[in-house]
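Side chains included, hydrogens not; waters and symmetry mates left out as well; all remaining heavy atoms used. Each ligand, and each atom within it, is numbered from 1 in the order the structure gives. By convention here, the first residue in the shown sequence is residue 1.
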Amino acid sequence: MTLAGRSLVTMDDLSNGEIEAIFSLADEMAAATDKQTRLPKSGGDGGQAGICKGKIMASLFFEPSTRTRLSFEAAMHRLGGNVISVVDAKATSLAKGESISDMARIVGSYADIIVIRHPWEGAAKVVADYAGVPVINAGDGGHQHPTQTLLDLYTIKRERQTIKGLKIALWGDLKYGRTIHSLIFALAKFGANILFCPTPGLEVPQNIIKKLVAEYGGELEVIRGSDGRKKTSSFPLDAIYITPKSPHQLAMMPDLNLEVELKAGVDALYVTRPQKERFADGEAGQIEQNFPVVNKKFLKGEQFKKTLVMHPLPRVDELAYEVDADPRSMYFKQAAWGVPVRMALLTLLLGAKEAEVREEPSAFEPRTDYPVYNRGYAVTCPNPVCVSVQETETKYLKPEFKIVNLEPLTLRCVYCEHGFEPRYVASAEWHEGRLDTRKYHGADSHLVKKIKPENLIIFDSASQAEERGFKPSHYA
Ligand code: NCD
């Protein structure tokens, strides 16, 4: 598969082999740029200057950014390409009520590639669907941030040579951190074990956990009991995801051995800041008081002896400045790798070079073949920051969901990937032409499994069903 002309919206868009191909080109890019970035030299002459000459990258950042925007722009300049940019939605016609699909069509006719950051979850998918040129998601609300994940993985690979079988701890805001959400799936793809260490109240959303376990295999061992007490003492752990590719030793172990296993070392500690800008009302006060700090004292633990301390940055108070001088600190290096990684990605998506993709025969493929629900009426995504429910976008966007489970009936929005359990269903087949049998049923009734996916009608509420002429059945 070529990468030319493709978009990168979520980590699902890249196979392991394609990610490896991006990394090997990034090695060449790093070698070529290493004088300017002062990155460690990786050998060879990349000779990449001018490879994207004549190409234009549009950089559309509708949320604050330092690293992502500037490293993308620096990457394009280093490749000899040009950049046009917008850093404020108020300075564009979005402020006049223009939809992002119209904006995408326009920008796609001016530029060869678009990089977009937007507060609406799923916004990058809409832009990718309409632009007609490759689109890179540089962060869509709390959903995903795949290029940050690429440079996170690249950093781990450079330091540890592999990702498979490593123990990677995710720390801080696992609820709203989009870098975390992309990283979880990438780590699972490459066979790492994930240690979840959320700040209480900022646990990984259930839809992400469900997708991880259902599609990536593996096991999730919950450590924190329902009474909130932790079962380990050496590490404030909530849960562990055990990759299906490594022996399931950890999951089988009694608590005591888990302690021993943890003391044997955590390979990377990925720290994140509280994503205050996405907190719901009333969430902030309590959480900020309890946000733990990673400092020298904390890192004294035996399990952190060889740990890579990572952070997507910016940091606020969760990572002490005293750690900067420690050889385990990776975050500035990590940010610097953003340039060669993004250079490689831009080159391949623009088709300026062909990727040499070698897929391992055993490479893991997540499940994606779910039936789709897109009747275009009745049920809507309950996520208030989903692109599909914004006033400017509902005029043309049809809500669309993957039916990811039947018991209980669970839909996943194709835009923001928010999962939810709708309340009522009906069948388009059973009532055909006969008004008296237009009945709706509770989504938890056994009838759900009998209705063929293509005949399924789903409602958010009973009144919605009744407005459309359906009457309650015994199972409503
Ligand atoms: C992250 C982001 O924007 O999601 N920053 C980045 O791109 N390096 C993390 C954050 O803002 O906390």
Side-chain angles (χ1 to χ4, degrees), residues 8-11 26 37 59-75 85 87-89 115-124 136-156 168 170-187 197-199 202 204-205 208 268-279 283-284 287-288 291-294 308-321 323-324 329-343 345-346 385 416-417:
L8 173 56
V9 175
T10 73
M11 285 316 290
T37 57
S59 114
L60 312 176
F61 278 73
F62 301 125
E63 265 192 346
S65 172
T66 303
R67 274 150 292 272
T68 308
R69 181 169 72 86
L70 294 181
S71 64
F72 261 117
E73 295 186 1
S85 59
V87 286
D88 182 5
V115 180
I116 179 157
R117 170 170 289 187
H118 198 285
W120 294 340
E121 301 185 358
I136 301 175
N137 181 6
D140 57 338
H143 177 218
Q144 287 220 6
H145 189 352
T147 64
Q148 176 67 41
T149 294
L150 289 179
L151 66 96
D152 296 339
L153 291 184
Y154 186 71
T155 305
I156 300 172
I168 314 279
L170 306 181
W171 183 271
D173 186 348
L174 311 192
K175 180 174 178 184
Y176 296 110
R178 56 190 169 200
T179 66
I180 291 284
H181 302 160
S182 301
L183 186 57
I184 285 174
F185 297 117
L187 291 174
C197 315
T199 300
L202 296 176
V204 182
I208 292 180
L269 176 67
Y270 192 94
V271 185
T272 57
R273 73 176 170 95
Q275 309 278 303
K276 273 190 227 172
E277 65 276 33
R278 289 189 246 289
F279 282 2
E283 230 173 0
I287 287 167
E288 277 167 53
F291 215 91
V293 181
V294 171
L308 308 173
V309 180
M310 302 177 70
H311 195 306
L313 300 177
R315 73 173 136 188
V316 194
D317 298 317
E318 68 289 346
L319 178 59
Y321 280 77
V323 181
D324 298 1
S329 75
M330 282 294 129
Y331 29 96
F332 292 116
K333 223 172 171 183
Q334 195 183 337
W337 290 129
V339 176
V341 169
R342 289 178 169 123
M343 284 172 78
L345 180 68
L346 288 168
V385 288
C416 69
E417 298 196 274

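Rounding to the nearest 0.5 Å places CD1 of I208 at 8.5 Å from OG of S182.
Ranking protein heavy atoms by distance to atom 11 (O) of ligand 1, first place goes to R273 NH2, 2.9 Å. Among all non-hydrogen protein atoms, the one lying nearest atom 3 (O) of ligand 1 is R178 NH2, 2.9 Å. Nearest protein neighbour of atom 9 (C) of ligand 1, counting heavy atoms only, is L313 O, 3.6 Å.
Within the structure, ligand 1 lacks G139 among the residues with a heavy atom less than 4.0 angstrom away. Contact between T272 and ligand 1 is absent, with no heavy atom of the residue lying under 4.0 Å from the ligand. Residue E63 places no heavy atom under 4.0 Å from ligand 1.
You'll find the side chain of F291 reaches within 4.5 Å of the side chain of P274, heavy atoms only.
The shortest N/O to N/O separation between Q148 and ligand 1 falls below 3.5 Å. Of the N or O atoms in E277, none lie within a sub-3.5 Å distance of an N or O in ligand 1. At least one N/O-N/O distance between P312 and ligand 1 falls below 3.5 Å. Taking only nitrogen or oxygen atoms, main chain and side chain alike, H145 reaches within less than 3.5 Å of ligand 1.
Interface atoms of ligand 1 facing T68, defined by a heavy-atom separation under 4.0 Å, are 6 (C), 7 (O). Contact atoms of ligand 1 toward R117: 3 (O), 7 (O) (distance under 4.0 Å to a heavy atom of the residue).
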Show your reasoning for whether side-chain contact (heavy atoms from CB on, under 4.5 Å) applies to Y270 and Q334. CA-CA 11 Å; Y270 192 94; Q334 195 183 337; 3.7 Å; yes
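Proximity of a side-chain donor or acceptor of R117 to a complementary backbone N or O of A138 within less than 3.5 Å is detected. A donor-acceptor pair is defined here as one N or O able to donate and one able to accept, closer than 3.5 Å; such a pair exists between the side chain of Q144 and the backbone of M11. Side-chain N or O atoms of D173 include none that pairs as donor or acceptor with a backbone N or O of T272 at under 3.5 Å. Without hydrogens or angle criteria, Q275 side chain to G177 main chain gives no donor-acceptor distance under 3.5 Å. H181 places a side-chain N or O within 3.5 Å of a backbone atom of K175 that can act as its donor or acceptor partner.
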